[in-house]
Amino acid sequence: MERKRFLLLDIDYVTENDEAVIRLFGKIKGDGENKSIIAKDKSFKPYIYVYPHEIQECMEELGELNLKKIEKVRKKDVGIYKEFLKITLKHPQEVPKLREKIWSMDTVVEVREHDIPFYRRYLIDKGLFPMQEVEVQGTSMESSFSSPEDPCIFEIDGEPLPISTGLPEIKVLSFDIEACNPKGMPQVKQDPIIMISLSSNQGFKKVYSTKPSKNDFVEELSSEKELLQKFVDVVKNENPDLITGYNTDIFDFPYIRDRAARLGVTLDLGVDGSELKFMRRGFANSAVIKGRIHVDLYPSMRRFLQLDRYTLERVYLEIFEKEKKDINGDEIHSCWADGGERLEELFEYSLDDAVAVTKIGEEMLPLSMAITRLVGQPLFDISRMATGQQVEWYLIRKAYEYGDIVPNKPSAAKVANRRRIEGGYVKEPVLGLHKNVVYFDFRSLYPSIIISRNVSPDTLVDECDEENCYTAPEVGSKFLKEPVGFVPSVIGNVLNERVKIKSRMKEATDPRERHVLDVQQEALKRVANTMYGVYGFIRFRWYCLECADSITAWGREFIKNTMKESEKSGFKPIYADTDGFYATYVG
DNA sequence: AGCCCACGGGG
DNA sequence: GTGTACGTGGGCT
């Protein structure tokens, strides 16, 4: 038996001999080493929980189904211990087939944790975190691929071991394609791809095109087919950990896919030799390359920045505070047709776009990776998730650690019935120009209210003696003082961890280490500040109207009291919103 | 006011 | 893939 240690980049499962096999995609990093590994684990099985009316009868009824295993387990459900049946199945795809059947049984109240994707379940149960290292033991297998960067195929025997270390250097390759149409947006049926630009965070800069240039960063290919083949070859040769672009889910990759299909080019970009594929994520598609993380920076930028528009130019200006050179979309066709100096400009613009994406990635990816390492789900998923969903998956992992059973996702009917909550306190501004303005910041108000008032679905009670509970103003909801609720406990740990990291930051002398810690504490802050939101978002598992209303009620009270208090010290409040208030000092 | 539907980014 | 965005703003009834 041998051991392998690698950076965990991605995870999925495949079916081999009717059995689900988890695949961990990683990189063995060392002195300039950039070797891919695919570690397979055949031992993990899917499972769901069943809450029975009467446990013995239910076991008997379930026994008639062809299940792998039925066990009695005790799990905490919204603060109360209950006996559940844990049902192990043979294959993840049995879950959607069987859960309806089981749910409709007379002996069954409900089915729980039936909608947690298999690879996510694996990460949670094994305590693994993407973008961290993992150590596995097992056997190296004969590789069946013949790509230049042949991955090591490894069969896991035993438990994978999470290793807590710093983040090794990540290799990022960004790309951008150009295609043009005289009348507007290029049409995939008629307009070829005219150039593909690639830029890496390790100095790679190239434009491939079907026209020549006097610039030496441009390489001419004889046809569009050759151009696409070159793109595939470069990706395989560079073997990046991450592939980034801007709106690549919606534009670049679908365009490449359709042109490649017409021209007969195989887009075998995956580490396992698999082809580029598309995943339905709701209404939009995402482009998936197995074993490499495709991060479309566009959805990430929508989350991280608060802007009126999210064009690459606008985002670039926001982050770097300078303009990026830009060619108007309508002009691309004439630049291409005219040739000469205008074409040279187009080559430069195209490369500049890819380089801009690399630069934006260098600024923003560290935060995405820190959130990935905190939440513990793949970067591919994290980069496309709303912050509320990130928090939900963080809580699902914590629920597993705490021995709590996860609430079900609400049905469409339930979502429609759920009410949105009243917002924070807003005081209309006193109009005019004010001198000596100060800002009282309460952004961390909600997390601290959740902790200090123990606001959680599992501490919410109908009736309680005044001394044993906290009662929210206006709404009157009551929360037990003891024991510490699930969400308050999780937020408490997040904030404690953040304090620890901040003190480590103060001690750190290496500016790079300080930066890494700074990004980590930022990720913790974001998760803590979003966490109260899970109570108020109607489609969330931990939705709790009373909790959400109580938090904002306490928040309003707190802001108003603080405003009143500040007046005693000579301040005059002029404007307040949810997060704090402005005041002038009048003495 | 309430409902429906289109839109975002990309060239 | 143990799946099916999301929030908003305009036009219309």
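As the structure is a prediction and not an experimental result, all values here were calculated from the model.
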Original post:
A/Y298 or A/Y349: which one's nearest nucleotide on DNA chain B is closer to the 5' end?
Top reply: A/Y298
Original post:
Contacts to DNA chain B from residues 318-342 of chain A, heavy-atom cutoff under 4.0 Å, which residues?
Top reply: A/G329, A/D330, A/I332
**OP:** Taking only the side-chain heavy atoms of A/E313 (C-beta and beyond), determine which of B/dG10, B/dG11, C/dT2 contains the nearest atom.
**Re:** B/dG10
**OP:** Would you mind classifying the nucleic acid contact of A/E94 as base, sugar-phosphate or nothing, using non-hydrogen atoms under 4.0 angstrom?
**Re:** nothing
Subject >> A/E16/A/K40 salt bridge by N-O under 4.0 Å criterion >> reply: yes
**OP:** For A/K45, answer base if it contacts any base atom (sugar-phosphate contacts may also be present), sugar-phosphate if it contacts only those atoms, and nothing otherwise; contact means non-hydrogen atoms under 4.0 Å.
**Re:** nothing
Subject >> Listed nucleotide nearest any side-chain atom of A/Y119, set C/dC6, C/dG3, C/dG1 >> reply: C/dG1
Original post:
Is A/R99 near enough to C/dG3 that one of its side-chain N or O atoms lies under 4.0 angstrom from OP1 or OP2?
Top reply: yes
Original post:
Can a donor-acceptor pair be found between the side chains of A/E344 and A/N215 at a distance below 3.5 Å?
Top reply: yes
Original post:
For A/E275, does its backbone N or O pair with a side-chain atom of A/D268 as donor and acceptor, under 3.5 Å?
Top reply: no
**OP:** Give a yes/no verdict on a cation-pi contact between A/R257 and A/F278, requiring under 6.0 Å between NZ or CZ and the six-membered ring centre and an angle within 45° of the axis.
**Re:** yes
Subject >> Pair A/R541 + A/D115, salt bridge at N-O below 4.0 Å >> reply: yes
**OP:** Go through B/dG10, B/dG11, C/dC6 for me and flag the one nearest to the A/E178 side chain.
**Re:** B/dG11
Original post:
Rounding to the closest angstrom, what is the interatomic distance between B/dG10 and C/dG9 at atom C1'?
Top reply: 22 Å
Original post:
Taking the C1' atom of each, how far is C/dG3 from B/dG8, in whole Å?
Top reply: 23 Å
Original post:
Got a salt bridge between A/R112 and A/D77, using NZ or NE/NH1/NH2 to carboxylate O under 4.0 Å?
Top reply: yes
